[in-house]
Colleague: 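Sharing a structure here in structure tokens format.
Just so you know, these numbers come straight off a predicted model, no measurement behind them. Heavy atoms only: backbone and side chains are in, while hydrogens, waters and symmetry mates are out.
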Amino acid sequence: MQNKGFTLIEMVVAMAVFTLLIGSSAGIFVSTLRNQKQGLATQEILDQTSYVMEYMSRSVRMAKKDLSGACTGTAKLNYAFTGGCLKFVNHNDVCQQFCLDGVRIKDENGNYLTSENLQVSSFNVILTGAVQPPTDYLQPRVTISLDIAGRQQSTIKAQTTISQRNPDVRR
């Protein structure tokens with residue numbers, strides 16, 4: 001007499017193998033989704049940080065010497081960084097500034113340059129060659145560094161150094 005069915009042990013072994021395969025497949029799928037979310041969050045923070053740094057760099061690059069001192073607070077100064085704000089006279093002879101307002105960066109018109117999804121924890125500016133009277137005889141440079149956090153615990157530290165497009169000559 002031949003048995004044409006499965007034993008209980010064969011069924012238990014088959015179910016265990018099936019459960020292991022499905023469990024590991026589900027784990028890989030969940031891990032892939034988590035990594036994709038992290039990648040998208042990192043891409044978002046990179047895109048927005050790149051935009052902010054480029055926008056500020058273009059403006060700072062075209063700055064002029066503040067001959068009257070109305071913008072920077074000191075006559076014949078190119079840039080000033082006080083109270084968390086970088087101030088300078090732009091190419092249209094208008095006082096322009098970038099400030100850290102809580103956890104976002106905004107311009108002189110109150111427009112935010114960073115989205116609500118990002119939190120700027122640090123906005124630092126180092127000015128080189130901007131001393132009055134000029135004792136170092138260096139071309140004025142501005143080094144901007146940002147520490148930014150985004151979604152999915154993504155963070156980035158970005159830094160750039162910009163010098164004026166027009167040479168800083170004594171006036």
Colleague: Is there side-chain contact between Met56 and Val125, with at least one heavy-atom pair below 4.5 Å?
Modeller: no

Colleague: Please report the interatomic distance CD1(Ile162) to CE(Met62), rounded to the nearest 0.5 Å.
Modeller: 13.5 Å

Colleague: Provide the closest heavy-atom pair for Ala41 versus Ser154 in the form atom of the first, atom of the second, distance.
Modeller: O-OG, 3.7 Å

Colleague: Could you state whether Leu113 and Met53 fall into the same hydrophobic cluster, counting links through intermediate Ile, Leu, Val, Met, Phe, Trp or Tyr residues with side-chain heavy atoms under 4.5 angstrom apart?
Modeller: yes

Colleague: Looking only at heavy atoms, what is the nearest atom pair of Arg104 and Leu118, with distance?
Modeller: CG-O, 4.4 Å

Colleague: Test your reading of the model: is there a side-chain donor-acceptor pair from Tyr79 to the backbone of Val60, 3.5 Å cut-off?
Modeller: yes

Colleague: With a 4.5 Å heavy-atom cut-off, do Leu146 and Ile105 have their side chains touching?
Modeller: yes

Colleague: If you group Ile, Leu, Val, Met, Phe, Trp and Tyr by side-chain heavy-atom gaps below 4.5 Å, do Ile144 and Val89 land in one group?
Modeller: no

Colleague: Is there a path of hydrophobic side-chain contacts, each under 4.5 Å between heavy atoms of I/L/V/M/F/W/Y residues, joining Val103 to Val52?
Modeller: no

Colleague: Could you check Leu127 against Leu86 for side chain to side chain contact (heavy atoms under 4.5 Å, CB included), going step by step and ending with a plain yes or no?
Modeller: CA-CA 10 Å; Leu127 304 173; Leu86 173 62; 4.2 Å; yes

Colleague: What is the minimum heavy-atom distance between Ala63 and Gln164, and which atoms define it?
Modeller: O-NE2, 3.1 Å

Colleague: Counting distance only, does the side-chain N/O of Asn92 pair as donor-acceptor with the main-chain N or O of Val94 below 3.5 Å?
Modeller: no

Colleague: Do the rings of Phe88 and Phe98 sit parallel, tilted or perpendicular, given the 30° and 60° boundaries?
Modeller: tilted

Colleague: Determine yes or no for a side-chain-to-main-chain donor-acceptor pair under 3.5 angstrom, with Asp101 supplying the side chain and Lys106 the backbone.
Modeller: no

Colleague: Does Gln153 have more than 12 heavy atoms from other residues, nucleotides or ligands lying within 6.0 Å of its CD?
Modeller: no

Colleague: Measure the OG1-CZ distance between Thr42 and Arg151 for me, rounded to the nearest 0.5 Å.
Modeller: 12.5 Å

Colleague: Please report the interatomic distance CG(Asn109) to CG(Asp107), rounded to the nearest 0.5 Å.
Modeller: 5.0 Å

Colleague: Taking Ala149's backbone N and O only, do any of them form a donor-acceptor pair with Gln119's side chain (distance below 3.5 Å, no angle check)?
Modeller: no

Colleague: Within this structure, what is the CE-CG distance for the pair Met15 and Leu20, rounded to the nearest 0.5 Å?
Modeller: 11.5 Å

Colleague: Assigning hydrophobic clusters by single linkage (Ile, Leu, Val, Met, Phe, Trp, Tyr; side-chain heavy-atom cutoff under 4.5 Å), is Tyr55 placed with Phe123?
Modeller: yes

Colleague: Got a donor-acceptor contact below 3.5 angstrom from the Thr72 side chain to the Gly69 backbone?
Modeller: no

Colleague: If you draw a 6.0 Å radius around CZ in Arg61, do more than 12 non-hydrogen atoms from other residues or ligands fall strictly inside?
Modeller: yes

Colleague: Do Gln36 and Leu33 have side-chain heavy atoms sitting under 4.5 Å apart?
Modeller: yes

Colleague: Please lay out, stage by stage, how Gln159 and Thr143 fare under the test side chain to side chain contact (heavy atoms under 4.5 Å, CB included).
Modeller: CA-CA 7 Å; Gln159 178 175 312; Thr143 300; 3.6 Å; yes

Colleague: Distance from Cys71 atom SG to Asp66 atom CG, nearest 0.5 Å?
Modeller: 5.5 Å

Colleague: Measure the shortest side-chain to side-chain distance between Asn124 and Ile126 over non-hydrogen atoms and say whether it is less than 4.5 angstrom.
Modeller: no

Colleague: Take Leu67 and Lys76, measure what side chain to side chain contact (heavy atoms under 4.5 Å, CB included) needs, and give me the verdict at the end.
Modeller: CA-CA 4 Å; Leu67 297 175; Lys76 297 184 179 180; 4.3 Å; yes

Colleague: Going by side chain to side chain contact (heavy atoms under 4.5 Å, CB included), Thr49 matches just one of Leu46, Asp47, Ile45. Which one?
Modeller: Ile45

Colleague: Would you say the side-chain atoms of Glu108 pair up with the backbone N or O of Gln96, donor to acceptor, closer than 3.5 Å?
Modeller: no

Colleague: Please report the C-alpha distance between Thr114 and Tyr51 in whole Å, then the side-chain angles of each, then the deciding distance to 0.1 Å, and finally whether the side chain to side chain contact (heavy atoms under 4.5 Å, CB included) criterion is met.
Modeller: CA-CA 9 Å; Thr114 54; Tyr51 167 76; over 6 Å; no

Colleague: If you look at every heavy atom in Arg141 and Ser163, which pair is closest and at what distance?
Modeller: CG-CB, 3.8 Å

Colleague: Supply the atom-to-atom distance Lys157 NZ to Ile148 CD1, rounded to the nearest 0.5 angstrom.
Modeller: 12.0 Å

